[in-house]
Protein chains: 2
Amino acid sequence: MARAENVPAAAVQRLSLYLRQLDFFQAHNRRTISSRQLGDPLGISDAQVRKDLAHFGQFGQAGVGYRVSELGPRLRQILGTDKTAPVVLVGFGNLGRALGAYHGFDKRGFEVAAVFDADPKKVGQSVPGIESARIRPMSDLPKVVAERDVRLGILAVPATAAQAAAETMVAAGIRGILNFAPVTLHVDADVAVASVDLAVQLEQLSFQIAGQA
Amino acid sequence: MARAENVPAAAVQRLSLYLRQLDFFQAHNRRTISSRQLGDPLGISDAQVRKDLAHFGQFGQAGVGYRVSELGPRLRQILGTDKTAPVVLVGFGNLGRALGAYHGFDKRGFEVAAVFDADPKKVGQSVPGIESARIRPMSDLPKVVAERDVRLGILAVPATAAQAAAETMVAAGIRGILNFAPVTLHVDADVAVASVDLAVQLEQLSFQIAGQA
DNA sequence: CTATGTGAACAGCTTCACAGCG
DNA sequence: CGCTGTGAAGCTGTTCACATAG
């Protein structure tokens, strides 16, 4: 396989979608699927599916397609989610609360290992959805990250606090940040950042439907 | 100006970022900014900024740059967020509750006008964060959409209920859906869909940091 | 005969570089 | 001179089409 540098980010994004679709097929006891059958429900062409997978090796069988029970685990391995990864959640406001209780992460190989907040009034409170967990102070971050070898963090603090919180996370050893604050984070190039700005998403929709009746 | 078809989706996405940055500069009483000053904090090249804006007209002044107080409103107009737009929220689970109480939409020209849920036990409950609002049954959707001329909807229901809920929304008149369920929605081509799959985002980060120490 | 893997053609986006304006 | 606006060049990603394998 190739843990290549030349893989388009868009291709990796699609890998996640293939995995999602694959889980669906597996749940329906499907043994094999063709690139077309895999891509169609996702709105992705068969050629695109094959090219994307080809970046990482040859998983298919000519004339047959891909074995569902093989490709799924293979994709998880490529994405690095074949083993459950602990994730820290920083910020327990509205959004943080929802993310802590969200049960979509677990199924995909992520586990919220601990929750942090800078507000002393929140520290010590229990965390709905994560049994026996309590909100911890930011100062506990380095210890938890080191002890549990945490690589990923979810950042759900207000915009004004985001950059400082991100720096604290990086200093604690976090290597990838999923950022929900509407700001661009500036961190070392070797730290991965993915940002989700909900208002930006709505603006994209607003633009797309503008000019219609 | 050109409400052109040839505008790359990526360019529109960046428009949102420019607007965000512009708001920041305005808050700091900046009068004019160059394409470089606008792009740098976002990690976007000056040429890219100019090209993106050029899709919609000529807003700059050679030798000076862009007038902050002009460009902001102009971008809002292009994105269709110059007037506050009502948005319906469908699904009041963990995520829906957070989104309803999220105060990041308001500042960007969106207002959660009403909240819906299919669960009869939830219908009638009050909505924290939106005063005097109560959760409504899905059957109220068409009426509310028509009365308030709602175009956009946020979909925050479980994966298994998402497609059906989306269809209900489209039938009620919704033209754009911000989808948080981890499934690909199949709707008419003239309905815009933006999807945010939180697990997918974490997988992207996981991939990026894989292979590091 | 079906479906993969892939080089080659194509398309689209981004960067470059510069003419021209204030 | 600084900075925009923009053709032209360069590059990256997607689609096409086919040789090949089962």
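Treat the numbers as computed from the prediction; the structure is a model and nothing was measured. Throughout, protein chains are lettered first and strands after them, A, B, ... in sequence-line order, and every chain is numbered starting at 1.
- In this structure, B:L71 places its CG atom 16 Å from P of D:dC3, rounding to the nearest Å.
- Nucleotides of DNA chain C nearest to A:I33 and B:R14 differ in position, and the one nearer the 5' end is that of A:I33.
- Of the side-chain N and O atoms in A:S35, one or more sit less than 4.0 angstrom from OP1 or OP2 of C:dT4.
- Applying the side-chain hydrogen bond (donor to acceptor under 3.5 Å, both in side chains) test to pairs two or more places apart or on separate chains, none has a residue in residues 80-95 of chain A.
- Residue A:S34 places its side chain closer to C:dA3 than to any other of C:dA3, D:dA8, D:dC16.
- For B:L53 and D:dC3, the CG to C1' distance is 13 Å, given to the nearest whole Å.
- Nucleotide C:dA3 holds its P atom 12 Å from the OH atom of A:Y66, rounded to whole Å.
- When the nearest nucleotides of DNA chain C are assigned to B:S45 and B:V64 by heavy-atom distance, the more 5′-ward of the two goes with B:S45.
- The NE2 atom of A:H55 sits 13 Å away from the P atom of C:dG5 (whole-angstrom rounding).
- Side-chain contact of A:S16 with A:R108: a donor-acceptor pair under 3.5 Å is absent, judged by distance alone.
- Spacing between atom CZ of B:F59 and atom C1' of D:dC3 amounts to 17 Å, rounded to whole angstrom units.
- Taking every side-chain heavy atom of A:A62 into account, D:dG22 is the closest of D:dT15, D:dG22, C:dC21.
- Residue-to-nucleotide proximity on DNA chain D shows that, of A:A9 and A:G63, the 5′-proximal contact is made by A:A9.
- For A:Q48, counting side-chain heavy atoms from C-beta on, the closest listed nucleotide (D:dT4, D:dT14, C:dT6) is D:dT14.
- Following rounding to the nearest Å, A:Q61 (CD) and D:dT20 (C1') show an atom-to-atom distance of 14 Å.
- Out of C:dG5, C:dT15, C:dG7, the shortest distance to the side chain of A:K51 is found at C:dG7.
- For A:R36 and C:dT4, the CZ to P distance is 9 Å, given to the nearest whole Å.
- Of the candidate nucleotides D:dT15, C:dT14, D:dT4, D:dT15 has the atom lying nearest to any side-chain atom of A:A47.
- The pair B:E111-B:R148 meets the salt-bridge criterion, since a charged nitrogen lies less than 4.0 angstrom from a carboxylate oxygen.
- Under the 3.5 Å distance criterion, the side-chain polar atoms of B:D117 are matched with a main-chain donor or acceptor of B:D119.
- Of the candidates C:dC18, C:dC13, C:dA8, C:dC18 carries the atom nearest the B:R50 side chain, counting heavy atoms from C-beta on.
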Worked verdict on A:R20 versus B:D197 for salt bridge (Lys or Arg N to Asp or Glu O under 4.0 Å): CA-CA 10 Å; A:R20 214 171 69 181; B:D197 184 330; 2.8 Å; yes
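- Rounded to whole Å, atom P of C:dC21 lies 11 Å from atom CD of B:Q58.
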